[in-house]
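All values reported here derive from a predicted model rather than from experimental measurement.
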Amino acid sequence: DMIARYNVETGGKEWITEPFKDALYISNILSHGDLLIVSFVDSETPVKALNTSDGSVKWSISDLDVFAQLFLHKDRLYVTHNDILRLVNSETGETIKEISFEDSGLGGIENVGIFGEHLYIKGAKGVALYSVENLEEINIWLPKGQIEESQRKGDRLFVKTSPLFGLNSY
């Protein structure tokens, strides 16, 4: 895979990166200021920030697993891999804080979002809320079942669950 920048008015190509040969494919691209933050699957450097002006690499993260998910809120970049949530400085790529959910009971991290002024972390078996400001834990819910969907309405969170492995108790 490669990334190219085109002029919207003329259709002309302005630059193109060299092929990312160490990656199976690009899984996500986030535009943030002068950067494109890119996550790759099966790469030695699963997250790279490219300069939008010329496509050069400004910073990269190489100490993650082979797959990382990205979530950007304001100037905060959240990177998840396996059971780890990492807050990263979006301008430098430096880790600000890292939280392990390995023993939390969440069942991995499936997605991250914003719930009011809270960071919402959904796993296969639970939901966690953390403060966006300081990444302090607010609450973790572990219903007896697989979490399939969730919806926020006002200050309430509704979670649809189904039995895990054929169990019928909630």
Side-chain angles (χ1 to χ4, degrees), residues 1-3 5 15 17-18 20-142 147 149-152 154-157 159:
D1 288 356
M2 299 176 285
I3 296 175
R5 182 174 98 174
W15 56 255
T17 62
E18 293 293 321
F20 297 106
K21 294 180 181 179
D22 73 328
L24 185 60
Y25 62 89
I26 295 169
S27 63
N28 198 1
I29 300 175
L30 300 176
S31 177
H32 179 62
D34 296 342
L35 297 175
L36 290 177
I37 302 171
V38 184
S39 64
F40 300 88
V41 172
D42 206 16
S43 173
E44 292 177 11
T45 52
V47 180
K48 294 180 184 178
L50 308 180
N51 290 303
T52 57
S53 60
D54 60 7
S56 63
V57 176
K58 182 173 181 183
W59 56 258
S60 62
I61 299 174
S62 59
D63 64 337
L64 301 176
D65 238 351
V66 294
F67 177 73
Q69 296 179 33
L70 305 176
F71 180 75
L72 188 62
H73 176 67
K74 298 182 180 175
D75 287 336
R76 293 174 169 251
L77 175 65
Y78 300 93
V79 179
T80 66
H81 61 105
N82 292 330
D83 291 321
I84 302 292
L85 172 71
R86 184 181 291 183
L87 174 59
V88 174
N89 180 316
S90 59
E91 293 300 317
T92 65
E94 294 177 20
T95 298
I96 297 169
K97 188 169 184 176
E98 186 171 282
I99 301 171
S100 173
F101 288 91
E102 185 175 358
D103 298 324
S104 70
L106 286 183
I109 299 173
E110 293 184 351
N111 61 45
V112 176
I114 296 296
F115 181 82
E117 291 299 314
H118 304 103
L119 188 66
Y120 164 88
I121 300 113
K122 179 188 169 293
K125 299 178 184 178
V127 176
L129 280 183
Y130 276 70
S131 166
V132 171
E133 287 302 312
N134 58 18
L135 277 186
E136 295 297 320
E137 180 183 315
I138 294 171
N139 210 337
I140 293 183
W141 296 280
L142 300 171
I147 292 185
E149 296 178 40
S150 60
Q151 182 72 39
R152 175 183 172 218
D155 63 351
R156 301 291 188 252
L157 179 66
V159 179

K.L.:
Is it the case that atom CD in Glu98 sees more than 12 heavy atoms from other parts of the structure closer than 6.0 Å?
P.N.:
yes
K.L.:
State which residue, out of Thr45, Leu77, Val88, fulfils the side-chain contact (heavy atoms from CB on, under 4.5 Å) condition with Ile61.
P.N.:
Val88
K.L.:
Do other residues, nucleotides or ligands put more than 12 heavy atoms under 6.0 Å from the CG atom of Asp34?
P.N.:
no
K.L.:
Would you mind reporting whether Glu110 and Thr80 have side-chain heavy atoms less than 4.5 Å apart?
P.N.:
no
K.L.:
Going by heavy atoms in the side chains, are Val132 and His73 under 4.5 Å from each other?
P.N.:
yes
K.L.:
Under the rule for side chain to side chain contact (heavy atoms under 4.5 Å, CB included), what residues qualify as partners of Ser53, not counting sequence neighbours?
P.N.:
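In terms of side chain to side chain contact (heavy atoms under 4.5 Å, CB included), with neighbours along the sequence ignored, Ser53 is linked to Asn51.
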K.L.:
Between atom NZ of Lys48 and atom OG of Ser62, what is the distance when rounded to the nearest 0.5 Å?
P.N.:
10.0 Å
K.L.:
Show the nearest heavy-atom pair for residues Ser90 and Leu35, with the distance to one decimal.
P.N.:
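So the two residues come closest at O-CD1, 3.1 Å.
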K.L.:
What residues, two or more places apart in sequence or in another chain, satisfy side chain to side chain contact (heavy atoms under 4.5 Å, CB included) together with Ile3?
P.N.:
Trp15, Thr17, Phe20, Ile26, Ile29, Leu36, Val38, Leu50
K.L.:
How many angstroms lie between atom CG of Leu85 and atom CG of Asn82, to the nearest 0.5 angstrom?
P.N.:
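Going from the CG atom of Leu85 to the CG atom of Asn82 covers 12.5 Å.
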K.L.:
Check Ser31 against Leu72 and note the closest heavy-atom contact, atom names and distance.
P.N.:
O-CD2, 4.1 Å
K.L.:
In chain order, what residues pass the side chain to side chain contact (heavy atoms under 4.5 Å, CB included) check against Ser27, with sequence neighbours excluded?
P.N.:
Tyr25, Ser39, Val41, Phe67
K.L.:
Just verifying a value: how many Å separate Glu137 CD and Leu129 CG, rounded to the nearest 0.5 Å?
P.N.:
9.5 Å
K.L.:
Between Leu135 and Tyr78, is any pair of side-chain heavy atoms under 4.5 Å apart?
P.N.:
yes
K.L.:
Out of curiosity, Asn89 CG to Arg76 CZ, how far, rounded to the nearest 0.5 Å?
P.N.:
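Between atom CG of Asn89 and atom CZ of Arg76 there are 10.0 Å.
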K.L.:
Phe40 versus Asp22: any side-chain heavy-atom pair under 4.5 Å?
P.N.:
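No, side chains not in contact.
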K.L.:
What's the spacing between Leu87 CG and Tyr130 OH if we round to 0.5 Å?
P.N.:
13.0 Å
K.L.:
Is there side-chain contact between Leu30 and Phe71, with at least one heavy-atom pair below 4.5 Å?
P.N.:
no
K.L.:
When you measure from the side chain of Lys97 to the backbone of Asn134, do you find a donor-acceptor pair of N or O atoms at a distance under 3.5 Å?
P.N.:
yes
K.L.:
Using modelled atom types and a 3.5 Å cut-off, is there a donor and acceptor pairing between side-chain atoms of Arg5 and backbone atoms of Thr52?
P.N.:
yes
K.L.:
If you define the side chain from C-beta out and look only at heavy atoms, does anything of Ile84 sit under 4.5 Å from Phe101?
P.N.:
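With C-beta onward as the side chain, the pair stays apart.
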K.L.:
Between His118 and Ile138, does the side chain to side chain contact (heavy atoms under 4.5 Å, CB included) criterion hold? Intermediate values first, please.
P.N.:
CA-CA 8 Å; His118 304 103; Ile138 294 171; 2.7 Å; yes
K.L.:
Looking at CD of Glu117 and CD of Glu133, how far apart are the two atoms once the value is rounded to the nearest 0.5 Å?
P.N.:
7.0 Å
